[in-house]
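The structure appears below as structure tokens.
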Amino acid sequence: MCIAIPGKVKSIVNENTATIDMGGICRDVNMDLMGGANESQIGRHFLVHVGYAIAEISEEESEETMHLLRQIAGLEEIDTPESGSI
């Protein structure tokens with residue numbers, strides 16, 4: 001199974017690479033599939049798979065996806081009617 005991780009562009013390294021924060025872990029990511037890296041992408045959210053940004057997503061979608069990934073990993077409690085979190 002393959003998975004893409006959401007992240008937020010923090011800085012531009014060069015015309016092909018951006019530094020993306022994925023849940024507190026920053027990595028340099030190839031932006032070629034997004035037309036290259038540029039300053040207008042700072043603060044925007046992307047899905048990252050094997051070192052490449054593969055799609056731009058909304059901030060809300062990024063946060064929800066990261067929340068679900070943390071639940072799957074057991075790092076956050078799963079929201080259930082019994083837990084009163086919903």
Side-chain angles (χ1 to χ4, degrees):
M1 177 175 79
C2 297
I3 191 163
I5 306 296
K8 181 178 182 179
V9 175
K10 292 297 187 179
S11 64
I12 302 301
V13 176
N14 60 42
E15 66 275 358
N16 303 89
T17 309
T19 301
I20 296 185
D21 180 348
M22 295 169 280
I25 298 171
C26 292
R27 295 283 186 251
D28 287 348
V29 173
N30 187 296
M31 300 296 286
D32 286 344
L33 298 174
M34 300 292 99
N38 63 67
E39 297 291 324
S40 71
Q41 293 166 327
I42 294 175
R44 292 166 44 191
H45 295 261
F46 293 86
L47 286 177
V48 178
H49 178 64
V50 295
Y52 285 83
I54 60 171
E56 185 172 0
I57 59 174
S58 69
E59 181 176 3
E60 294 80 18
E61 187 176 8
S62 179
E63 290 172 0
E64 178 64 17
T65 302
M66 192 57 83
H67 174 70
L68 293 170
L69 289 172
R70 286 187 182 115
Q71 286 181 340
I72 290 168
L75 300 174
E76 288 185 11
E77 187 174 312
I78 296 175
D79 300 333
T80 64
E82 296 82 29
S83 71
S85 298
I86 294 182

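- Heavy-atom minimum distance, Gly7 versus Ser62: N-OG, 4.1 Å.
- Every side chain to side chain contact (heavy atoms under 4.5 Å, CB included) that Glu63 has, sequence neighbours left out, goes to Glu59.
- For Thr65, there are no side chain to side chain donor-acceptor pair (under 3.5 Å) partners at least two apart in sequence or on another chain.
- Here the closest heavy-atom approach between residue Ala53 and residue Val29 is recorded as N-CG1, 3.4 Å.
- Side-chain contact between Val50 and Cys2: absent, with no pair of heavy atoms (C-beta onward) separated by less than 4.5 Å.
- Between the CG atom in Leu47 and the CD1 atom in Ile5 there is a gap of 9.0 Å [rounded to 0.5 Å].
- Shown here are the side chain to side chain contact (heavy atoms under 4.5 Å, CB included) partners of Glu39, two or more places apart in sequence or in another chain: Ile12, Ile42.
- The OG1 atom of Thr19 lies 10.5 Å from the CE atom of Met31; values are rounded to the nearest 0.5 Å.
- Closest approach of Ser58 and His45 over heavy atoms only: O-CB, 4.1 Å.
- Shown here for Gln41 and Gly36, the closest heavy-atom pair between the two residues is NE2-O, 3.1 Å.
- Across all non-hydrogen atoms, the minimal contact from Ile3 to His49 is O-ND1, 3.1 Å.
- For residues 3-29, the set of pairs meeting the salt bridge (Lys or Arg N to Asp or Glu O under 4.0 Å) definition, not counting sequence neighbours, is empty.
- Ile20 and Leu33 fall within the same hydrophobic cluster, where Ile, Leu, Val, Met, Phe, Trp and Tyr residues are linked whenever their side-chain heavy atoms come under 4.5 Å apart, directly or through other members.
- The NE2 atom of His67 sits 3.5 Å away from atom CD of Gln71, with the distance rounded to the nearest 0.5 Å.
- Applying the salt bridge (Lys or Arg N to Asp or Glu O under 4.0 Å) test to Glu61 and every residue at least two apart in sequence or in another chain returns nothing.
- Within the structure, the salt bridge (Lys or Arg N to Asp or Glu O under 4.0 Å) test picks out the following pairs touching residues 41-55 (sequence neighbours left out): Arg44-Glu56.
- Clustering ILVMFWY residues whenever any of their side-chain heavy atoms sit less than 4.5 angstrom apart, transitively, puts Met22 in the very cluster that holds Ile54.
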